[in-house]
Amino acid sequence: MVCSMTFDDAMSVLRRAKTWDISESEESDAETKPDLNRDGSSQMVTVSTDFIEDHSPSATKCESGQASALSPPRPDGCDTPSPARKRRTKEEIEADKETAKERKEARERQRAARAREKEERRQEQQRRREAAENLKSLRPENCLKCLTVCIDPALLQQDGSDILLNTLATFEWRFSIESQQLPRSITWTRDIPQQGEDGKGSVGEEQVVLVLDLTDFMDMVISLKRMLENEGEETEVGSFLSPLLECLNRDAKKVVTLLVTDTLPYYRSNTCVVHLLDETLQSKLGMEYQDIEEVLVYLELCKNISLVFLDGWQEVTNHVCAVTKALSKRPFKLLTERAELPFCVDGSWASGVRVERDGSGLIQVWSKQIQQLNRVSPAVASTVTVAYPSPQLLLQAYKSLGSEEARKGLLAGLLVKSGGKERRIGPEISARVYRCFTAQNPQLVLD
């Protein structure tokens, strides 16, 4: 008969089932096992699943207690096992330190290299920015803002000088009224950047304009004529000629222009040649027509002084404005003319053919030399260079022939392949090539 087992019997069965190795074939016998009662009789004990589930916490507690009882105690008091650590030697510790030090130095080098590259990029950007600003400042519209027109106060005493001041104010050009080395002169100064407290400086331009009326100009001509008669002695020079010559002797680069105002219409000429048709003027000057020309030639050729006759201050103002605009365009023109061969653009034809030290490129030079002749295409030049790879071989072929006609027609029979078609060079091109390489007359026309 089947009887219910006690709690202690069930626990003992569970312990035995845990320790035994139960195979798959013995799963059917796991629920029923023979057990001996106290009286020694064997009975089939049925373990109720519900009973085990109801008492599972106690069973789990018992199992954990049994597992802890079977396993040996841990010295560190932790249930999870730790891997055994191998003790490092002194050499390994030193090697690790050296490796860490090398890694640190490598990181520092990389950091320094990145910082250096960053600084170089920043400096390059700064240089490009400064170059762009410098180029921008050299443009005429910006360079005009750096010019200052310096006017001598003596000019303001003349009638009509207010036209010049009003025109400069209208254009919003800078001008200053200050005493000049030459009385009644107009000069120009340009602002340039400098390294200093204010960061700016000024430099004087070479152009000088000297404004004289007809009376002052006549006195200068008479004084200059007397100086030439005395073989260059400046003992009796006039009031305007003396400082002018001193200025030119002090700075030979100065370019002086004499503006003579209040002149008669027949007294002016675009070629700076004075025609004294009025007897009153001749008597006032006290010299002949040839004497006047001699004085003007001396001023222009020996002293580099230009002479312009103008009618009133309006023309003087126009001349000053023209000179100011020309000075504003000068820096940009000098910058463009500084480059070598500015009329040549970038391209293969401008650079030519490069010849290496091993001689490669000479065949291309030889072909380019033949193409310099009129109506000689690259295909014709290539045919000639294939037949005669160097000029020396072509000259030897000319020398080997006995007659002049044979030499002229040496290249006439060569076939030229171009565009899928074949044609001969012809006697005309052959004769021109022959004359080009054998003629002794440099003025000979090849065509």
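Along the sequence shown, residues are numbered consecutively beginning with 1.
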Could you tell me if the side chain of [Y] sits less than 4.5 Å from the side chain of [X], heavy atoms only?
X      : Y      : result
Thr383 : Leu415 : no
Leu138 : Cys143 : no
Leu212 : Leu259 : no
Ser202 : Arg190 : no
Lys368 : Thr385 : no

Using side chain to side chain contact (heavy atoms under 4.5 Å, CB included), reason through His319 and Glu315 one step at a time and then give a plain yes or no. CA-CA 6 Å; His319 183 86; Glu315 295 187 4; over 6 Å; no

Looking at [Y] and [X], is any side-chain nitrogen of the basic one under 4.0 Å from a carboxylate oxygen of the acidic one?
X      : Y      : result
Asp191 : Arg174 : yes
Glu428 : Arg432 : yes
Lys136 : Glu141 : no
Glu119 : Arg122 : yes
Glu124 : Arg127 : yes

For Trp188, give me all partners under ring pair (Phe, Tyr, Trp, His ring centres under 6.0 Å), at least two apart in sequence or on another chain. none

Check ring pair (Phe, Tyr, Trp, His ring centres under 6.0 Å) between Trp173 and all other residues, then give those that pass, not counting sequence neighbours. Phe171

Exercise: identify the closest heavy-atom pair between [X] and [Y]:
X      : Y      : result
Leu401 : Arg407 : O-NH2, 3.1 Å
Ser430 : Leu410 : OG-N, 3.5 Å
Ala412 : Arg424 : O-CB, 3.5 Å
Pro331 : Ser328 : CD-O, 3.6 Å
Ala379 : Lys417 : CB-O, 4.2 Å
Thr148 : Ser176 : CG2-OG, 3.9 Å

Check: [X]/[Y] side-chain N/O donor and acceptor closer than 3.5 Å:
X      : Y      : value
Asp358 : Ser360 : yes
Tyr388 : Gln396 : no
Gln181 : Ser185 : no
Arg129 : Gln126 : yes

Nearest-0.5 Å distance, [atom1] of residue [X] to [atom2] of residue [Y]:
X      : Y      : atom1 : atom2 : answer
Glu102 : Arg109 : CD    : CZ    : 8.5 Å
Gln392 : Leu395 : CD    : CG    : 5.5 Å
Glu92  : Glu94  : CD    : CD    : 11.5 Å
Leu373 : Arg435 : CG    : CZ    : 10.0 Å
Ile305 : Thr257 : CD1   : OG1   : 9.0 Å
Ile151 : Ser179 : CD1   : OG    : 12.5 Å

Before you tell me yes or no, could you show the steps for Phe175 and Leu164 under side chain to side chain contact (heavy atoms under 4.5 Å, CB included), namely the whole-Å CA-CA distance, both residues' side-chain angles and the distance that decides it to 0.1 Å? CA-CA 10 Å; Phe175 64 92; Leu164 176 61; over 6 Å; no

Under the side chain to side chain contact (heavy atoms under 4.5 Å, CB included) rule, what do Val433 and Val384 come out as? Steps first, then yes or no, please. CA-CA 10 Å; Val433 173; Val384 176; 5.5 Å; no

Using the side chain to side chain contact (heavy atoms under 4.5 Å, CB included) rule, take Val380 and Arg375 through it: C-alpha gap first, then chi angles, then the decisive distance, then the call. CA-CA 9 Å; Val380 174; Arg375 299 184 300 279; over 6 Å; no

Report yes if the distance between the aromatic ring centroids of Phe217 and Phe309 is under 6.0 Å, otherwise no. yes

State whether the number of non-hydrogen atoms from other residues, nucleotides or ligands found under 6.0 Å of Arg250 atom CZ is greater than 12. yes

